[in-house]
Amino acid sequence: AGVVQALHVVVRVDLPLSDDIEAIPLRIKLVEAVPTWEEADAQAGRLNGLNAGKSCFYFAQYVRHFPDGRGIGRGTP
């Protein structure tokens with residue numbers, strides 16, 4: 001089994017500019033990965049303040065990073 005690292009990412013969600021939610025797909029972007037939850041949460045809050053009134057919002061999210069991969073396709077279950 002490989003090493004698993006905790007990462008915390010800042011996620012941006014761009015909201016549709018139209019009321020027809022199916023006409024324009026939601027766009028989601030991983031903005032950056034940082035080592036602590038506090039840093040990700042603070043950055044998301046800062047970006048939400050900076051972009052207030054725009055059709056986007058930011059939030060922090062925990063993810064697992066597999067630096068050696070999961071082994072999929074290499075004979076590892």
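Everything numeric here is computed off the predicted structure, so don't read it as measured data. Residue numbers start at 1 and run along the sequence shown.
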Enquirer: Atom CG of L15 and atom NZ of K54: how far apart are they, to the nearest 0.5 Å?
Expert: 13.5 Å

Enquirer: State, with a plain yes or no, whether a side-chain heavy atom of F59 is found less than 4.5 Å away from one of V13.
Expert: yes

Enquirer: Would you name the heavy atoms of Y62 and W37 that are closest together and state the gap between them?
Expert: N-CZ3, 4.0 Å

Enquirer: Do you know which two heavy atoms are closest between V34 and E32, and how far apart they sit?
Expert: CG1-OE1, 4.0 Å

Enquirer: Shortest non-hydrogen contact from A60 to A44?
Expert: N-CB, 4.0 Å

Enquirer: Please answer whether the main-chain N or O of Q61 pairs with a side-chain N or O of H8 as donor and acceptor at a distance below 3.5 Å.
Expert: no

Enquirer: Quick one: do I28 and V11 satisfy side-chain contact (heavy atoms from CB on, under 4.5 Å)? Show the steps, please.
Expert: CA-CA 7 Å; I28 299 172; V11 180; 3.6 Å; yes

Enquirer: Counting distance only, does the side-chain N/O of D14 pair as donor-acceptor with the main-chain N or O of C56 below 3.5 Å?
Expert: no

Enquirer: Hey, are the side chains of Y58 and N51 touching, using non-hydrogen atoms and a 4.5 Å cut-off?
Expert: yes

Enquirer: Is the closest side-chain heavy-atom distance between V10 and L47 below 4.5 Å?
Expert: yes

